[in-house]
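All residue numbers in this chain count up from 1 along the given sequence. Values reported hereafter were calculated over all heavy atoms of this structure, with side chains retained and with hydrogens, waters and symmetry mates removed.
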Amino acid sequence: MIITLKDGSKKEYAEAMRAIDIAKDISEGLARAACVAEIDGEVCDLRTVVDRDCELNILTFDSEAGKHAYRHTCSHVMAQAVKNLFPEAKLTIGPSIDSGFYYDFDLRALSREDLDAIEAEMKKIIKKGEELTYFTLPREEAIRLMEERDEPYKVELIEDLPENETISFYQQGDFIELCAGPHLMNTKQIKAFKLTSSSGAYWRGDEHNKMLTRIYGTAYTKKADLEEYLEYLAEIKNRDHNRLGRDMDIFTTVDVVGQGLPLFMPNGTKIIQKLQRWIEDLEDYEWGYVRTRTPLMAKSALYKISDHWYHYKDGMFLLGYESMDDLKNDANAEREIHGVQDISLIENDPDRNVFALRPMTCPFQYYVYKARPKSYRDLPYRMSETSTIFRNEDSGEMHGLTRVRQFTISEGHLVCTPEQIDEEFKGCVRLARHCLQTLGLEEDVTYRMSKWDPENPDKYLGTAEEWDRVEGLMRNILDEIGLDYVEEAGEAAFYGPKLDIQAKNIYGKEDTMITIQLDMFLSERYDMYYVDKDGEKKRPYIIHRTSMGCYERTLAWLIEKYAGNLPTWLCPEQVRILPISDRFHDYAEEVAVELRRNGIRDITVDQTSERIGYKIRKAQTERIPYMLVIGQKEAEENLVSVRSRYAGDEGSKSLKEFIDALSEEIRTKAIRRKVDDKESDHSKEN
C-alpha cells in the first residue's frame with residue numbers, strides 16, 4: 001500500500017500497519033509526540049490499522065485534534081483517580097473542551113483539598129505508564145458490563161445509542177470507560193496538568209435531573225505552557241463580571257427573588273441609566289426614531305398570530321386569566337383571526353387560558369404602526385423602545401448578567417418599502433457599529449449571517465424560494481458594506497435571516513450581543529400595509545434590530561473588558577475630592593459645588609478623618625477615575641491636585657482647567673488608557 005504524507009512524500013508498505021508504527025518509521029521523535037492520526041481527512045486513533053492507499057497525517061498536540069485527544073485522555077485519568085479515591089462515585093461523561101476538559105460525577109461536592117488529592121492520585125497513575133487499550137462489545141454485553149460495574153449512567157447512555165452503533169470502550173489498568181475516542185497510547189504521555197475548579201451540573205443539562213459534581217481541568221505537554229495558562233486563568237478571574245460586579249456593588253442576586261433575576265445596586269443602576277439615556281437620545285434625536293412604550297404582557301392570541309407562541313411558548317412565563325369573560329372574549333378574538341367557527345374548540349384548549357409575559361416586543365410595536373393608516377410618505381417608520389422582556393431560561397444556562405430571565409434591550413423595528421430596505425439595513429449596521437466603537441468594543445466582535453435550515457423547513461415561515469431571495473438580499477447588503485462575516489445555517493429566526501454580532505466572554509463562551517434581522521413575513525400575519533404612490537395597499541418589509549443590545553449583557557461585557565475600570569463617562573462615581581484634613585472641608589465643598597454647576601454630578605467628598613494616603617488607596621481600590629487632593633496650597637490658589645487611574649499623579653491644575661478637560665472627556669465619551677498601555681487615548685464624538 002502507498003501512504004501519502006502531509007508534505008506530499010510517499011511511503012510504501014507491503015502489509016497493513018498501525019498508524020503509530022508508520023509514525024515510528026517516519027521519525028521516532030514524531031511518534032513520541034504523536035497524539036492521533038488523520039486518515040483521508042478523518043481523525044482516528046493511533047491504534048488504527050492502515051490497510052489501504054491513503055493520505056496520512058500524524059497529529060501532535062499542536063493541532064486541535066491532538067489537543068482534544070491529549071486532554072480527553074487526561075479526563076479518563078482523572079476519572080480513574082476519582083474512582084480510586086471515591087469508589088462510591090458514579091461515572092457520567094467527561095469530554096475535552098477548548099480550554100481543557102471536565103468530567104461529571106454523581107458524587108458529593110468537592111473541596112480544593114479534594115482536588116489536590118485527586119491530582120496526586122493522577123500523578124501516580126501517569127507515572128505507572130498504563131497502556132490504553134480499545135475494545136468493542138455487542139449492546140447486551142456492553143450493558144451487562146456496566147451493570148456489573150454499577151455504572152447506571154453508562155447503562156443509560158448505551159441504551160440511548162442507535163441499534164447499529166458500535167459500542168466501544170477504552171481501558172487503562174482496571175479502569176474501563178465507555179468512549180468513542182480517540183486517545184493517547186499511554187498515560188505516561190501526559191506531562192503537565194491541573195484541576196482548576198469544581199461546580200454543580202445537571203445530568204444531561206436538564207434541571208429536572210440530578211445535580212452532579214463537575215471537575216474542570218486542563219493539560220499541556222510542557223509545564224511552562226501550563227503555568228502560562230494558569231496565570232491567564234488568574235487574570236480572567238480578576239475580570240469575571242460575576243465577581244467584580246458584586247465587589248463593585250453593581251448587582252447582587254438573592255435566592256428568594258429567583259435565579260436569573262439580578263438586583264441592581266445604586267452603582268449598577270447609575271451605569272445602566274447612563275447607557276439608556278445615551279442610547280435613547282442617540283436614536284431619538286440623531287437617527288430618526290420614534291419612541292414607544294408597550295405592555296409587559298399580552299394574551300396568547302397576540303403571539304399566535306405570528307407563530308411566536310408555537311416557537312417560544314416553552315420559554316415564556318405564563319399567567320392565568322382573571323375571569324371566564326376574559327377567556328370568552330379572547331376566544332372570540334381568535335375565532336375572528338383564524339376563522340374558527342366552534343368557540344368551544346378554543347375555550348377547551350388549555351393553551352388558550354393564559355396571559356404571557358412578553359419574550360419580545362415586535363407584535364406590540366406592529367399595533368403602534370397599525371393605529372393610524374400610513375402612506376409611502378410616512379416610511380421608513382422607525383420605532384424604538386427600551387424593552388424589558390422575559391424568557392424562562394434553563395437553570396443550567398444562567399450566568400451572572402449574561403444569561404438572565406428578565407432583561408432590557410434597546411429594541412427597534414423599522415417598517416420600510418421594498419426600495420428602502422437596503423439603505424435602512426445599512427443604517428442599522430452603522431448605528432450598531434457606532435455604539436460598539438463608542439464603548440470601545442468593536443475590536444472584540446465577529447459577524448455572523450444566520451440562515452434558515454433547509455433540512456427542517458417546518459421550523460420556518462415561508463418557502464425555500466422566499467428564504468433564498470431574502471438571504472440573497474441580506475448577503476448583497478453585507479457585501480456592499482464590506483463586512484467580514486461567516487454564514488451559519490439553522491441560526492435564523494423562524495421569520496427571517498439575521499446578522500448576529502457575536503462576542504466571547506473571558507471564558508471563551510460566545511454570545512449574541514446585537515441582532516439585525518430582515519422580516520418579509522410578519523407584516524402579512526398582522527395585516528400591516530401602507531398606501532403606495534398608485535393608491536394601492538402594499539405590504540411593508542420590517543427590520544428587527546437592537547442598537548446596543550441587552551443592557552445587562554453589555555454591562556457584563558464592559559466590566560470584563562475594562563476589568564471594572566469603566567470609561568469615565570460611565571462610572572457611577574467620576575471624581576472623589578480628598579481634603580487632607582478637616583481644615584479644608586469648606587474648600588472641598590466649594591470644589592464640589594463648582595463641579596456640579598458645570599454638569600459633573602457624580603462626585604463625592606471624603607470627609608473622613610483618615611490619612612490622605614489611606615484615602616487615595618481606598619479611591620484607587622474602588623476604581624475612581626479622578627481624585628482631587630485638597631490642601632493648603634490648593635485652597636489658597638484655587639487649585640486642585642489631580643491624581644487619576646490613567647496617569648497617576650497629574651500635578652496641580654486650576655479648577656477651571658480640570659473641569660474643562662473632564663467635561664470634554666465626558667462629552668466625547670473618551671476612553672482614556674493607562675500611560676503604559678500600548679493603546680493610546682482616543683475619543684468619539686457622540
**Q** Tell me whether Arg358 contacts the main-chain N or O of Pro295 through its side chain, where contact means a donor paired with an acceptor under 3.5 Å.
**A**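 Checked: pair present.
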**Q** So Glu510 and Thr446, do their side chains get closer than 4.5 Å, heavy atoms only?
**A**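 Contact flag for Thr446/Glu510 side chains = yes.
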**Q** Can you confirm whether Glu480 sits close enough to Phe425 that some side-chain heavy atom of one is under 4.5 Å from a side-chain heavy atom of the other?
**A**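 Contact flag for Glu480/Phe425 side chains = no.
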**Q** Is it true that, when you exclude Asp484 itself, more than 12 heavy atoms of the residues, nucleotides or ligands shown sit nearer than 6.0 Å to its CG?
**A** no
**Q** Ignoring hydrogens and geometry beyond distance, is a side-chain donor-acceptor pair present between Glu385 and Thr292 at under 3.5 Å?
**A** yes
**Q** If we ignore hydrogens and angles and just use 3.5 Å, is the side chain of Arg525 paired with the main-chain N or O of Ile305 as donor and acceptor?
**A**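 Yes; at least one donor-acceptor contact below 3.5 Å.
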**Q** By the definition side-chain contact (heavy atoms from CB on, under 4.5 Å), identify the one residue from Leu566, Ile671, Leu558 that meets it with Leu439.
**A**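 That would be Leu558; it is the only one of Leu566, Ile671, Leu558 passing the side-chain contact (heavy atoms from CB on, under 4.5 Å) with Leu439.
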**Q** Kindly indicate, with the supporting measurements, whether the criterion side chain to side chain contact (heavy atoms under 4.5 Å, CB included) is fulfilled by Tyr289 and Leu431.
**A** CA-CA 12 Å; Tyr289 284 80; Leu431 175 56; 4.2 Å; yes
**Q** Tell me whether Asp500 contacts the main-chain N or O of Gln502 through its side chain, where contact means a donor paired with an acceptor under 3.5 Å.
**A**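 Judged by distance alone, no pair lies under 3.5 Å.
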**Q** Does the distance from a Lys or Arg side-chain N to an Asp or Glu carboxylate O, for Lys459 and Asp453, drop under 4.0 Å?
**A** no
**Q** Might you confirm whether atom CE of Met528 has over 12 heavy atoms from other residues, nucleotides or ligands at distances under 6.0 Å?
**A**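 Yes, because the 6.0 Å sphere around CE of Met528 holds more than 12 heavy atoms from other groups.
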**Q** What pair of heavy atoms forms the shortest contact from Val470 to Met520, and how long is it?
**A**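 Residues Val470 and Met520, closest heavy atoms: CG2-CG, 3.2 Å.
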**Q** Looking at Glu560 and Ile506, what are the two nearest heavy atoms and their distance?
**A** OE1-N, 3.3 Å
**Q** Verify whether the ring centers belonging to Tyr202 and His208 lie closer than 6.0 Å.
**A** no
**Q** For residues Pro95 and Tyr102, determine if any side-chain heavy atom of one lies less than 4.5 Å from a side-chain heavy atom of the other.
**A** yes
**Q** Is any side-chain heavy atom of Met297 closer than 4.5 Å to one of Phe390?
**A** no
**Q** Please evaluate residues Leu282 and Cys435 with respect to the criterion side chain to side chain contact (heavy atoms under 4.5 Å, CB included), reporting the C-alpha separation (whole Å), side-chain torsions for both, the decisive distance (0.1 Å), and the verdict.
**A** CA-CA 9 Å; Leu282 191 64; Cys435 292; 4.0 Å; yes
**Q** Check for me whether the distance between the ring centres of Tyr369 and His413 falls short of 6.0 Å.
**A** no
**Q** Atom CG in Asn392, atom CG in Leu357: separation rounded to 0.5 Å?
**A**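 Between Asn392 CG and Leu357 CG, I get 10.0 Å after rounding to 0.5 Å.
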**Q** Under a 4.0 Å threshold between the charged nitrogen and the carboxylate oxygen, would Arg291 count as salt-bridged to Glu283?
**A**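 Judged by the 4.0 Å cut-off on N to carboxylate O distance, Glu283 and Arg291 do form a salt bridge.
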**Q** Got a sec: does the OH of Tyr529 have more than 12 other heavy atoms crowding it under 6.0 Å?
**A**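 It does not: Tyr529 OH has 12 such atoms or fewer within range.
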**Q** Looking at Glu488 and Lys498, is there a salt bridge between them, counting it only when a charged N and a carboxylate O are closer than 4.0 Å?
**A**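 No salt bridge links Lys498 with Glu488.
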**Q** Hey, are the side chains of Ile477 and Val429 touching, using non-hydrogen atoms and a 4.5 Å cut-off?
**A** no
**Q** Working to the nearest 0.5 Å, report the span between CG of Asp422 and SG of Cys416.
**A**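 Spacing of CG (Asp422) from SG (Cys416) equals 10.5 Å.
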**Q** Report the C-alpha separation of Asp532 and Thr417 in whole Å, then their side-chain angles, then the decisive distance to 0.1 Å, and conclude whether the side chain to side chain contact (heavy atoms under 4.5 Å, CB included) test is met.
**A** CA-CA 9 Å; Asp532 207 354; Thr417 68; 5.8 Å; no
**Q** Give the minimum heavy-atom separation between His241 and Phe251, together with the two atoms involved.
**A** O-CE2, 3.6 Å
**Q** Are the side chain of Lys274 and the backbone N or O of Trp569 linked by a donor-acceptor pair below 3.5 Å?
**A** yes
**Q** Asp519 side chain to Phe521 main-chain N or O, any donor-acceptor pair under 3.5 Å?
**A** yes
**Q** Do you know the tightest heavy-atom contact between Tyr460 and Gly490?
**A**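 Residues Tyr460 and Gly490, closest heavy atoms: OH-CA, 3.7 Å.
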**Q** Check the angle between the aromatic planes of Tyr507 and His399 and answer parallel, tilted or perpendicular using the 30° and 60° thresholds.
**A** perpendicular
**Q** Once side chain to side chain contact (heavy atoms under 4.5 Å, CB included) is applied, do any residues pair with Pro162, and if so which ones, sequence neighbours excluded?
**A** Asn164, Glu165
**Q** Go through it in stages, so that I can follow the logic: the residues are Glu280 and Thr386, the test is side chain to side chain donor-acceptor pair (under 3.5 Å), and I'd like the CA-CA distance, side-chain angles, deciding distance and then a yes or no.
**A** CA-CA 8 Å; Glu280 290 181 353; Thr386 303; 2.5 Å; yes
**Q** Taking the inter-plane angle between the rings of Trp452 and Trp467 on a 0 to 90° scale, is it parallel (under 30°), tilted (30 to 60°) or perpendicular (over 60°)?
**A** parallel
**Q** Which residues satisfy the side chain to side chain donor-acceptor pair (under 3.5 Å) test with Glu466, sequence neighbours excluded?
**A** Thr463
**Q** Output the distance between atom CG (Leu59) and atom NZ (Lys67), rounded to the nearest 0.5 Å.
**A** 11.0 Å
**Q** Test side chain to side chain donor-acceptor pair (under 3.5 Å) on Thr408 and Thr388; report intermediate values, then the result.
**A** CA-CA 4 Å; Thr408 302; Thr388 297; 3.0 Å; yes
**Q** Which heavy-atom pair separates Lys561 from Asp444 by the least distance, and what is that distance?
**A** NZ-OD2, 3.0 Å
**Q** State, with a plain yes or no, whether a side-chain heavy atom of Ile39 is found less than 4.5 Å away from one of Arg52.
**A**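 Yes. Closest side-chain heavy atoms under 4.5 Å.
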**Q** Do NZ/NE/NH1/NH2 and the carboxylate oxygens of Arg204 and Asp160 come within less than 4.0 Å?
**A**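 Looking at Arg204 and Asp160, the cut-off is met.
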**Q** Under a 4.0 Å threshold between the charged nitrogen and the carboxylate oxygen, would Lys451 count as salt-bridged to Glu471?
**A**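 Salt bridge: no.
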**Q** Heavy-atom count check: over 12 atoms from other residues, nucleotides or ligands less than 6.0 Å from Arg277 CZ?
**A** no
**Q** So, Arg448 versus Ser450: side-chain donor-acceptor pair below 3.5 Å or not?
**A**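 A donor-acceptor contact under 3.5 Å links the two side chains.
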**Q** Atom CD of residue position Glu156 - does it have more than 12 heavy atoms of other residues, nucleotides or ligands inside 6.0 Å?
**A**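 Yes.
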**Q** So which heavy atom on His72 is nearest to which on Cys179, and how close?
**A**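 The answer is CE1-SG, 3.3 Å.
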**Q** Can you check whether Leu302's main-chain N or O pairs, donor with acceptor, with Tyr526's side chain at less than 3.5 Å?
**A** yes
**Q** Should Arg539 and Asp527 count as an ion pair when the cut-off is N to O under 4.0 Å?
**A** yes
**Q** Do NZ/NE/NH1/NH2 and the carboxylate oxygens of Glu424 and Arg545 come within less than 4.0 Å?
**A** no
**Q** Find the distance between NZ (Lys304) and OH (Tyr310) and round it off to the nearest 0.5 Å.
**A**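 Here the rounded value is 4.5 Å.
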**Q** State which residues pass ring-ring contact (aromatic ring centres under 6.0 Å, His included) with Trp557; sequence neighbours excluded, sorted by chain then number.
**A** none
**Q** Using 4.0 Å as the upper bound for N to carboxylate O, is an ion pair formed by Arg475 and Asp479?
**A**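 Arg475 and Asp479: not salt-bridged.
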**Q** Are any of the side-chain heavy atoms of Val531 and Pro373 separated by less than 4.5 Å?
**A**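 Side chain of Val531 against side chain of Pro373, heavy atoms only: no contact under 4.5 Å found.
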**Q** Do side-chain atoms of Ser410 reach the backbone of Met548 as a donor and acceptor pair under 3.5 angstrom?
**A** yes
**Q** Does Glu393 offer a backbone N or O that forms a donor-acceptor pair with the side chain of Arg405 under 3.5 Å?
**A** yes
**Q** Rounded to the nearest 0.5 Å, how far apart are OG of Ser547 and CD of Glu411?
**A**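 Rounded to the nearest 0.5 Å, the OG-CD separation comes out at 10.5 Å.
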**Q** Are any non-hydrogen side-chain atoms of Leu570 and Lys669 less than 4.5 angstrom apart?
**A** no
**Q** Is the side chain of Arg553 donor-acceptor paired with the backbone N or O of Val404 at a distance under 3.5 Å, no angle test?
**A** no
